[in-house]
Each structure stands twice: as structure tokens, then as C-alpha cells.
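In what follows, a single structure is set out as C-alpha cells and then discussed.
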Amino acid sequence: SDLTDHQNSSAYVSNFGSDMCCSSDGSILAVGASEFRETNTSKGAVFIYEKTTSGWVYRQRIILVDNNNYKLGYSLCCDDTMSKLFIGTDATSTLTDVYLYEKGTSGTLSYSWVSSFNIKSIANFNSGTIATFGTSLDCTSDGNTLVVGSDNYQQTKNGSTIYPGEVQVFVYESNAWSLKQSFYTD
């Protein structure tokens, strides 16, 4: 019942524990492993565990299906029941994004990707280049407000490139996600 990263023998370094989140009752745990590799690319992975009467039980590994260097699991957050699991990617990847996985309704604990969730497409790209979208995440207890940090957000000010970082707040209402506010320091 130990929490292990369940790598196969051909996998490499994993950074197991790069981020974690759990349901408010402590029965479900998600553990990021942003350097999980099955080839020479850091795809990253998230491991799902469930607490039973005999201890923690491994239930699922979440990875993206292609071989890009996403470093999935760099950042995580979930609602109180862990019905919604938001997964961010690493700042050093050029493919940074945030993914939403939802808990299935069947008797087994499993999560499925919500392909219609494309929060980066509605993010504020007009005032700079978000090369680190999703390096930090937080959400409300119901999972309907998502805060996305971009710690290396870039913009030009007075002819110079600066990296003030940025935070964007997204809200789910009327069956759609929308950007409510973006802010950063000067």
C-alpha cells in the first residue's frame, strides 16, 4: 500500500511528487511526475490513488498519448470531491497548457480527458506571449473557478522585453469557460 510511481523498467527519472492534490475528505490523491519518461521525452504523468481500509491503492496513470515534451503533472489542482482534476505542464516545455480530467461515474475510480476543455485558446494572448501557461494552478471547491499562473509571462514595455508573470482567472458558467480577469505586476 505504499505510494509508488509504478514505472516500468524502461521508464526513466520521474520527479514523482512534483505536485499533488487530494479530495477534501482525503480519500483520493493525485501525484504529478513531471519528468516521467517512456522514451527520451519528458511526457510527464499523473498517478491516481484511492485510500481504502487496507491503505492507498494505485488506480490510474494519466499520460498524453503523443511523444511531445509536455512534462504533464508539473502543476495540479482539484475540486473538493476531486471530480475535476486540472493538470498543468512544465515551464521549460514549449507546449505548456492546462488539461481537465473528470472522474467517471462508474463504480471504479477512473478519469477521462475532457477534450472540449481548451482554456488556453481563450487566454489573453494579445498583450504578450504566454510561454509558461499553467505553471501554477488553483481552483475553487466546486471547480468552477480556475486560476492559472504563468510565471514567465513575457511582454514588451518601453522597448524592452520584461517577464512580470501573469495570473488569469477563468469561470465556468452557462456550460462554458470564460476569461474573467488577467493581471500582472509592472
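One is the number of the first residue; the rest follow in order along the sequence.
Looking only at distances, a side-chain donor or acceptor of Ser75 sits under 3.5 Å from a matching main-chain atom of Gly134. Of the possible polar contacts, none joining the Asn15 side chain to the Glu35 backbone as a donor-acceptor pair under 3.5 Å is found. Checking side-chain atoms of Thr89 against main-chain N and O of Asp97 turns up a donor-acceptor pair under 3.5 Å. Of the possible donor and acceptor atoms, none in the side chain of Ser23 sits under 3.5 Å from a partner among the backbone N and O of Met82. Counting only distance, with no hydrogens or angles, the side chain of Ser18 and the backbone of Gly73 share a donor-acceptor pair below 3.5 Å.
A continuous path of hydrophobic side-chain contacts links Val147 to Phe183 [ILVMFWY only; heavy atoms under 4.5 Å]. Both Trp177 and Val148 are assigned to one and the same hydrophobic cluster, defined by single-linkage of ILVMFWY side chains at heavy-atom distances under 4.5 Å. Cluster membership check: Val167 does not share its hydrophobic cluster with Phe170, using side-chain heavy-atom separations under 4.5 Å among Ile, Leu, Val, Met, Phe, Trp and Tyr.
The two atoms that bring Phe47 and Ala33 nearest to each other are CE1-CB, 3.7 Å, heavy atoms only. What you find for Cys22 and Leu29 is that their closest heavy atoms are CB-CD1, 4.0 Å. The shortest heavy-atom contact between Asn144 and Thr140 is N-OG1, 3.5 Å. The two atoms that bring Thr145 and Val169 nearest to each other are CG2-CG1, 3.9 Å, heavy atoms only. The two residues Ile28 and Thr81 have their closest heavy-atom pair at CD1-O, 4.0 Å. Ile48 approaches Ala30 most closely through the heavy-atom pair CD1-CB, 3.8 Å.
Atoms CG and CD1, from Leu72 and Ile87 in turn, are 5.0 Å apart once rounded to the nearest 0.5 Å. Annotation: the span from Leu85 atom CG to Leu137 atom CG amounts to 9.5 Å, rounded to 0.5 Å. Taken to the nearest 0.5 Å, the CD1 atom of Ile63 stands 10.5 Å off from the CD atom of Gln60. Atom-to-atom distance recorded for Ser27:OG and Trp56:CH2 is 7.0 Å, nearest 0.5 angstrom. Note: Lys103 NZ to Asp79 CG = 8.0 Å, rounded to the nearest 0.5 Å. Taken from OG in Ser136 to CG in Leu76, the straight-line distance is 12.0 Å, to the nearest 0.5 Å.
Qualifying side-chain contact (heavy atoms from CB on, under 4.5 Å) partners for Glu102, counting only residues two or more places apart in sequence or in other chains: Lys84, Leu100, Val114. Every residue meeting the side-chain contact (heavy atoms from CB on, under 4.5 Å) condition with Cys139, not counting sequence neighbours, appears here in chain and number order: Cys77, Phe86, Leu146. The side-chain hydrogen bond (donor to acceptor under 3.5 Å, both in side chains) check on Ser24 picks up nothing, with sequence neighbours excluded.
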